[in-house]
Amino acid sequence: MALNMTRLFGNLTRSKLPSSIGIFSRPLSTANYQYILTEKKGAKQNVALITLNRPKALNALCDALASELNNALETYDKDESVGAIVITGSEKAFAAGADIKEMLKQTYSSNIKYSLLEHWTNITKIKKPIIAAVNGYALGGGCELAMMCDIIYAGDKAKFGQPEIALGTIPGAGGSQRIARSCGKSKAMEMVLSGNQYTAQEAEKMGLISKVFPSDKLVEEAIKLGEKIASHSPLIVQLCKEAVNVAFETSLQEGLRFEKKTFYATFATEDRKEGMTAFVEKRAPNFKNN
């Protein structure tokens, strides 16, 4: 499927943006967000919903938006009332990519000096589960952002891709690496070398995402999943997330060793005792995060 780069990226260079040295480079000291919306959802208000909100630029990841996103994620990670986090965009775009205008004049030496994209991986350091609810375009940095989340749900009209090759560069925030691990070498090569877009249905088939929903039901379904996750022990959820990440990032034998040690460690927690006791007593557990 051919890319319409003018339509997808041309408008990103027309908005007035703050100058910066690169994505995630600017610390944020206020919660008065300009480029994201935040709220708590669910019957128990225990799912944080973060909505990327640069509609005119198809939610392109400018420095300010990325800094605000990191700030919100860190805030919710420390909020004990939140058990899971959902990140979404608009029906047109989850995020159409990194902001090309901010990158245009950067050089190899400036990238080294100012560590372009270095803070991007802060998203993967969040301890609570993060669900990406992707509608519309998730291209380039937008696709990479979705892959840095723990679970990806997509609307039936979503489009995924790594079009950096058409801009004379390559993915820089994990695109080539995470696709290869999720979908295998052949599909990763096809995606990053062609720059093609892939439908939600194709993305599900290749293992890039978990499920596809009607676009108007997507966020609702992501929040339901967040509520389910939040009903479990936050402590055990954190340990389980870490175990899966170790499987993704290391060898099988290293992962098996980590899993066994972590499994043993759960027997030192009150929530493991409560969970098993509740099962034997045929009642709902009352987890205390201990």
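Since this is a predicted model, take the numbers as computed values, not measurements.
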Is there side-chain contact between F279 and P285, with heavy atoms separated by less than 4.5 Å? no
Are any non-hydrogen side-chain atoms of Q34 and E68 less than 4.5 angstrom apart? yes
Let me see the working for M206 and M191 under side-chain contact (heavy atoms from CB on, under 4.5 Å), right down to the final yes or no. CA-CA 11 Å; M206 71 176 72; M191 288 185 71; 3.9 Å; yes
Residues, nucleotides or ligands: over 12 heavy atoms within 6.0 Å of M276 CE: yes
Could you walk me through whether E227 and K44 satisfy the side-chain contact (heavy atoms from CB on, under 4.5 Å) test, starting with their C-alpha distance in whole Å, then the side-chain angles of each, then the deciding distance to 0.1 Å, before giving a yes or no? CA-CA 8 Å; E227 288 184 286; K44 296 182 179 180; 5.8 Å; no
Hphob cluster co-occupancy, L218 + I50, side-chain heavy atoms under 4.5 angstrom: no
G155 to A200 - nearest heavy-atom pair and separation: O-CB, 3.3 Å
Can you list the residues that meet the side-chain contact (heavy atoms from CB on, under 4.5 Å) rule with Q45, with sequence neighbours excluded? K40
Nearest 0.5 Å please: distance from the OG atom of S194 over to the CD1 atom of I165. 9.0 Å
Taking the side chain as every heavy atom from C-beta outward, state whether L73 and L69 have any pair of such atoms under 4.5 Å apart. yes
Same apolar cluster (I L V M F W Y, side chains within < 4.5 Å links), I123/I179: yes
All salt bridge (charged side-chain N to carboxylate O under 4.0 Å, His left out) counterparts of E254, not counting sequence neighbours: R257
Could you tell me if the side chain of I229 sits less than 4.5 Å from the side chain of S231, heavy atoms only? no
T250 (side chain) donor-acceptor with A247 (main chain) under 3.5 angstrom: no
S81 and D79: side-chain donor and acceptor closer than 3.5 Å? yes
Provide the closest heavy-atom pair for K273 versus T277 in the form atom of the first, atom of the second, distance. O-OG1, 2.7 Å
Please list, chain by chain and in numerical order, all residues satisfying ring-ring contact (aromatic ring centres under 6.0 Å, His included) with F267, sequence neighbours excluded. F263
Hey, mind stepping through S210 and E204 against side-chain contact (heavy atoms from CB on, under 4.5 Å) and telling me if it holds? CA-CA 6 Å; S210 294; E204 182 183 24; over 6 Å; no
Atom CG in L58, atom CZ in F94: separation rounded to 0.5 Å? 13.5 Å
L145 and L52: which non-hydrogen atoms are nearest, and at how many Å? CD2-CD1, 4.0 Å
Close side-chain approach of P129 to V237, heavy-atom, < 4.5 Å: yes
Can you name the residues that form a salt bridge (charged side-chain N to carboxylate O under 4.0 Å, His left out) with K128, not counting sequence neighbours? none
Should the heavy atoms of other residues, nucleotides or ligands under 6.0 Å from CD of E80 be counted, would the total exceed 12? no
Closest heavy-atom contact between Q162 and G175? OE1-CA, 4.0 Å
L65, I126, T75, N122 screened by side chain to side chain contact (heavy atoms under 4.5 Å, CB included) with N70, the one that passes: N122
How long is the straight-line distance from CD1 of I100 back to SG of C62, given to the nearest 0.5 Å? 12.0 Å
With side-chain contact (heavy atoms from CB on, under 4.5 Å) as the criterion, how do K157 and N135 come out once you've worked through the C-alpha distance, each side chain's angles and the decisive distance to 0.1 Å? CA-CA 7 Å; K157 298 178 183 177; N135 266 325; 5.9 Å; no
For S186, enumerate each residue passing the side-chain contact (heavy atoms from CB on, under 4.5 Å) test, keeping only those at least two apart in sequence or located in another chain. none
Which residues share a side-chain hydrogen bond (donor to acceptor under 3.5 Å, both in side chains) with D150, sequence neighbours left out: K241
Salt bridge K224-E221, side-chain N to carboxylate O under 4.0 Å: yes
Taking distance alone, no hydrogens or angles, what donor-acceptor pairs closer than 3.5 Å link side-chain atoms of residues 82-90 to residues at least two apart or in another chain?
{"unit_1": "T88", "atom_1": "OG1", "unit_2": "A133", "atom_2": "O", "d": "2.8"}
{"unit_1": "S90", "atom_1": "OG", "unit_2": "K92", "atom_2": "N", "d": "3.3"}
{"unit_1": "S90", "atom_1": "OG", "unit_2": "A93", "atom_2": "N", "d": "3.1"}
{"unit_1": "S90", "atom_1": "OG", "unit_2": "A93", "atom_2": "O", "d": "3.2"}

Counting C-beta onward and ignoring hydrogens, is there a side-chain heavy-atom pair between V246 and E259 closer than 4.5 Å? no
Approximate separation, where rounding is to 0.5 Å, of C143 SG and Y137 OH: 14.5 Å
Got Y33 and N71 here, is their nearest side-chain heavy-atom distance under 4.5 Å? yes
Do Y198 and E190 have a side chain donor and acceptor closer than 3.5 Å? yes
Any heavy-atom pair between the side chains of L49 and T51 that's under 4.5 Å? yes
Output the rest of the hydrophobic cluster of Y108: all Ile, Leu, Val, Met, Phe, Trp and Tyr residues reachable through side-chain heavy-atom contacts under 4.5 Å, sorted by chain and number. I112
Set of residues satisfying salt bridge (charged side-chain N to carboxylate O under 4.0 Å, His left out) with respect to E164, sequence neighbours excluded: none
By salt bridge (charged side-chain N to carboxylate O under 4.0 Å, His left out), which residues pair with E274, not counting sequence neighbours? R283
What pair of heavy atoms forms the shortest contact from S233 to D271, and how long is it? OG-OD2, 2.6 Å
Got a salt bridge between E202 and K205, using NZ or NE/NH1/NH2 to carboxylate O under 4.0 Å? no
Please, which pairs that meet ring-ring contact (aromatic ring centres under 6.0 Å, His included) have at least one residue in residues 209-247, sequence neighbours excluded? Y153-F213
Looking only at heavy atoms, the pair that brings N290 and L235 closest together is C-CD2, 3.6 Å
So which of L139, V134, N196, T199 actually passes side chain to side chain contact (heavy atoms under 4.5 Å, CB included) with F160? V134
Count I, L, V, M, F, W, Y as connected when their side-chain heavy atoms are under 4.5 Å apart, and connections chain through other members. Are I131 and I223 then in the same cluster? yes
So, Y35 versus N59: side-chain donor-acceptor pair below 3.5 Å or not? no
Give the other cluster members for L256, using side-chain heavy-atom distances under 4.5 Å between Ile, Leu, Val, Met, Phe, Trp and Tyr residues; answer none if it is isolated. L252
